[in-house]
Amino acid sequence: MADGRDAAEGSNAIASTRRRRRIWLKRKEKWLVVLGVVLHAVYMLSIFDIYFKSPIVHGMDPVTPRFSAPAKRLVLLVADGLRADKFFESDSDGNFRAPFLRSVMREKGRWGVSHARPPTESRPGHVAIIAGFYEDPSAVTKGWKANPVEFDSVFNRSRHTFSYGSPDIVPIFCAALPHSTWNSYPHEFEDFATDASFLDEWSFDQFQSLLNRSKEDQKLKELLLQDNLVVFLHLLGCDSNGHAHRPFSSIYLNNVAVVDSIAERVYNLLEDYYKDNRTAYVFTADHGMQDKGSHGDGHPSNTDTPLVVWGAGVKHPKPVSNHSDCSFRFVYDHMHDAPTPKEWGLHGIERVDVNQADIAPLMSTLLGLPGPVNSVGSLPLDYIDMTKEDEAEAVVANSRQILNQFLRKSQTKEANSLYFKPFKPLADYSSLLDQIEDLISNRDYEAARKLSEDLRDLALKGLHYFQTYDWLMLMTVIILGYIGWMTYILLHVLQSYTSLAGYMFRKEQADHWTDNTRKVQLCGCLFLGLLSIVLFMERSPPLYHAYTSMTVFLWTKIFSEYRFIKALWKDLYGRRINYFVKILASGAFSVFILEFLVNSFTERKLYTWCFLVSGVMSFLYLLKSIPWRSGIPIFVCAACWFLSVFTLMPAEIPDNNRLVIWSGVMIIMIGVAARLLDLRTEGKYWLSICNHDKKKPKFPMLFQLQALLVGLSSMMVSISTSHRTEKQELLAVHQIINWSIAGFSMVLPLFSAIGLLSRLTSIFLGFAPTFLLLSIGYEAVFYGALALVLISWILVENTLIYSSKVKRLSSSFSDMEDNVILDGRYLQLSDVRIPLIFMVLFNVAFFGTGNFASIASFEISSVYRFITVFSPFLMAALLIFKLFIPFLLVICVFSAITKLNRLPRLACYFLVILFSDVMTMHFFFLVRNTGSWMEIGNSISHFGIMSAQVVFVLLLFALTNIYTKDINIGSVDCSSRKAM
């Protein structure tokens, strides 16, 4: 009896210990997940500190120009979303779309292409034009906020500004400006179902009525007769029509003619009103538009915009010369002398290209105003008609204004640095200024101008130098942080989800462990305190403290585990060579897959080869493992080959509503096949994935209801699209039906049977109606193809389980006294394939229907069956949800496969994060701030996507858990245990 009592007490102690370890593990995992989200959010911001720091500095005095103003007033016309080629080229009949502005280019003024930089969105574009500097890429998050002016601009320096246009743009510059008169139309006017050219007419009508009122309002007339006035008309029509109908549509191209007509009417109106030839006119665009109706990245169709300048103080057209401008261009080195296309018909007239920020100093010079104090634009002299003396003075003012920014940044950095490294080329800037003044006094204006331009270029290089001053320190901290995070995650997985921890630490004493851990933690705290004091003395931004704190914290936690690392090394040292070969082979294979995924971000076609090869290899493996008569080997190969087609298709999805409708039929057919397989199959290869519960289901007609909703959504695709196209409106009835179908269908999978195949089929059909309603072309077929490959993955895993079940069961039930994993088994080296396959499929869901690493890849017309009135946040939410639907399918299948293999899902999640961070580090080194804007924009996007992946994968895991937590795996192990 005593022996029995002792045995019972021993088993209770073991159970109690195991229970405590499980509670500890659960807490630690929650803490790790929170740490991972915070760490990636903070480190993702690091690229803006390293590569794209905000250029705004305060405390500079404006530079008063020492020349007379060529113009008394200036008109700025910005055609939002007007791309250069559609403006300059002729139509199919040989007629040019902008006859008035074309006559200006030929007879009255100068022209060129203004080169924008990403993000090619409305706010950053207008800031560059009006304030003369480029906001950092994070400014796109402010794109639709009517927040007060945070910087100096041409409008601030004017005597008075009159502004009319979009409620998303005009208030940004005028809402907090006391010397402004402005108005904007309601947001409801921005309806993508209509022809938006009436918005441009609204802006013109507002300005025309202002001039008409001045005939009766004496105060207004006196104001209009003063100098240093700015008139800004924001013309949104091209942008709205480009989004809704594409930039090659007749509606967009007709809008170009409308914009040209408004420019002509404004010109005639003002020339008749003033009759003094003292008005300057600037016509340009904030960004272009890609063929698919989107913008945001650095594609030339987004960055190339027209620029036409004429009126007071502007040079007349000039025959083509060998003009070339190869000077330094702030932080990038574009050459702006690309040959002019023949289709533009402008070969005989000199083209003067500028950076978008150069327009601000151009406008300031024409009005004789101080340039915006934060401007980095270089004055384009080829546009301005001035005397040699005034030209030199204008360039001196432009150079001094940029030099003042450099000096302010230099002073700030020197005051806050313990060890300051100055920018040596400008160490003696004052002597350069004295030389320039001497040359002007001696009337050597040409030499003074050239020396001023050299000084300006040096100042711009100096600004870049201080923008990147902390690069080395920040990059070192961030890289060490990523390595520390990956190491800590790996240690956690080895300790918590493998048999190593229990094997190596059965005889370790916890008190000794705790003492050593406290010593390491104390050292870490002291080191962090020292770093914090240094950063505090240098007045570093709060994020610098966050970066260093994260990195030191992680390495402190790693060194706290030094006993485990030491024991792990001893254990590995005692293993046979075969064990090392397996580890090295698995590591090499993992690195190969991850590098393949990195390269797939720029070359989608790699996935085609991946799935062609995977199809053949799966076919050969399955043919050896199970009889070919089961049909599984052929099905898996065919599914992989079918999916391989999509990454050969164009990233710009062409409209094809008929294809979307037939995709609905295909989705129903896949659902029916899966349903029949689930109910009718009795083969031994299907036992664990099919539903063999003889009980009557709670909702026997659920499958039929889901198939009906898929069919109904296909029908609504046809009805709502054709009505919107013909009548230029989205009926409220269609809108309600579409929203109802989308919402109702996604709830139904929760009521389906809990067999693996039953529940996954229901999830597939549940999200199909929403995806179809958000589809415009072949991506609807992709949804079905992806589902077939996911079914193939389940079948392959099921075959692996069947073919090696005895071996797996023996590992599952061994060492149970050390197993703290609830309802699962320890990880094995071969299980690494599951997170790797998941990452491949996850990225295929990302890139299968386009290059989603680019901002401009989001097809806004996808949301027109739900909403057409411009609502940026709701539209963005719908687009992101469409992007997430394939992810949801992949994660649901991933969760089901972890259940099928009896693996802890969080362990697999941590391995996914580990592999994702290997890719993140690679992309961190690939981020660029020089070269073409296409490369710069994509490099930021790639890093941002991988950094964000830890967050949204976690969110999707939580969301899909609602659907997958009840999945019940059929018993395939009973007979296997008997065999054992």
Side-chain angles (χ1 to χ4, degrees), residues 493 497 590 593 611 614 618 621-622 625-626 632 635-636 639-640 643 674 677-678 685-691 749 754-764 786-805 807-809 811-812 821-845 886-916 953-954 956-973:
V493 170
Y497 300 111
S590 300
I593 295 294
F611 281 97
S614 299
S618 301
Y621 172 78
L622 292 170
S625 305
I626 55 177
I632 295 175
F635 170 77
V636 171
C640 289
L643 188 65
L677 179 67
D678 190 33
Y685 307 109
W686 310 90
L687 285 174
S688 56
I689 65 171
C690 293
N691 182 23
I754 59 173
L756 187 146
L757 198 56
S758 305
R759 179 55 63 92
L760 291 179
T761 303
S762 185
I763 293 168
F764 167 66
L786 180 65
L788 292 174
V789 168
L790 292 173
I791 292 170
S792 301
W793 186 20
I794 293 169
L795 294 175
V796 170
E797 288 293 335
N798 195 46
T799 305
L800 283 168
I801 291 169
Y802 176 80
S803 60
S804 59
K805 61 192 172 195
K807 180 182 172 184
R808 283 174 179 273
L809 282 167
S811 67
S812 296
I821 302 167
L822 279 171
D823 199 26
R825 62 175 176 82
Y826 283 130
L827 286 176
Q828 298 170 357
L829 197 58
S830 59
D831 294 324
V832 169
R833 75 182 183 281
I834 293 172
L836 285 174
I837 293 170
F838 167 78
M839 289 193 69
V840 172
L841 291 170
F842 194 83
N843 280 277
V844 166
F887 296 166
L888 291 170
L889 279 189
V890 175
I891 292 177
C892 284
V893 171
F894 177 68
S895 299
I897 282 172
T898 57
K899 287 198 170 193
L900 194 63
N901 282 279
R902 301 190 66 240
L903 290 172
R905 194 170 68 145
L906 262 176
C908 294
Y909 167 72
F910 285 131
L911 287 176
V912 167
I913 298 310
L914 177 65
F915 292 144
S916 297
V953 167
L954 179 65
L956 292 175
F957 262 83
L959 181 62
T960 54
N961 191 51
I962 299 168
Y963 294 98
T964 59
K965 65 182 178 182
D966 298 326
I967 288 179
N968 184 30
I969 304 299
S971 178
V972 75
D973 296 338

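What's counted below: heavy atoms across the whole structure, side chains too, no hydrogens, waters or symmetry copies. For clarity, every value in this text was computed on a predicted model and none was experimentally measured.
Taking N961 as the reference, R905 meet the side-chain hydrogen bond (donor to acceptor under 3.5 Å, both in side chains) condition, with sequence neighbours excluded. Partners of Y909 under the ring pair (Phe, Tyr, Trp, His ring centres under 6.0 Å) rule, at least two apart in sequence or in another chain, are F957. For F915, there are no ring pair (Phe, Tyr, Trp, His ring centres under 6.0 Å) partners, not counting sequence neighbours. Residues that satisfy the ring pair (Phe, Tyr, Trp, His ring centres under 6.0 Å) test with F910, not counting sequence neighbours, are H492. The side-chain hydrogen bond (donor to acceptor under 3.5 Å, both in side chains) test applied to T761 returns no partner, not counting sequence neighbours.
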Go through D831 and R833 one step at a time and tell me if the side chain to side chain contact (heavy atoms under 4.5 Å, CB included) criterion holds.
CA-CA 5 Å; D831 294 324; R833 75 182 183 281; 3.9 Å; yes
Residues Y963, L760; criterion side chain to side chain contact (heavy atoms under 4.5 Å, CB included); working and verdict
CA-CA 9 Å; Y963 294 98; L760 291 179; over 6 Å; no
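Checking side-chain atoms of N901 against main-chain N and O of T898 turns up no donor-acceptor pair under 3.5 Å. Counting only distance, with no hydrogens or angles, the side chain of S758 and the backbone of I754 share no donor-acceptor pair below 3.5 Å. Judged by distance alone, the side chain of R759 and the main-chain N or O of P749 form a donor-acceptor pair under 3.5 Å. The backbone N or O of F894 lies less than 3.5 Å from no partner atom in the side chain of K899, so there is not a single donor-acceptor pair.
The minimum heavy-atom distance linking V493 with A907 is given by the pair CG2-O, 4.5 Å.
The one candidate from T964, I967, V890 that meets the side-chain contact (heavy atoms from CB on, under 4.5 Å) condition with S895 is T964. Of the candidates L903, L911, L827, I834 forms a side-chain contact (heavy atoms from CB on, under 4.5 Å) with just one, namely L903.
Note that CG of L800 and CD1 of I897 are 10.0 Å apart. Values are rounded to the nearest 0.5 Å. Residue L900 holds its CG atom at 6.0 Å from CG of L756, rounded to the nearest 0.5 Å. Once rounded to the nearest 0.5 Å, the distance linking CZ of F611 with CG of L643 reads 5.0 Å. Here L959 contributes atom CG and I891 contributes atom CD1; the two are 8.5 Å apart, rounded to the nearest 0.5 Å. A distance of 10.0 Å separates CZ in F838 from SG in C908, rounded to the nearest 0.5 Å.
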Listing, residues 786-796 side-chain donor-acceptor contacts under 3.5 Å, not counting sequence neighbours, or none:
from: S792; atom 1: OG; to: L788; atom 2: O; distance (Å): 2.9
from: W793; atom 1: NE1; to: E797; atom 2: OE2; distance (Å): 3.4

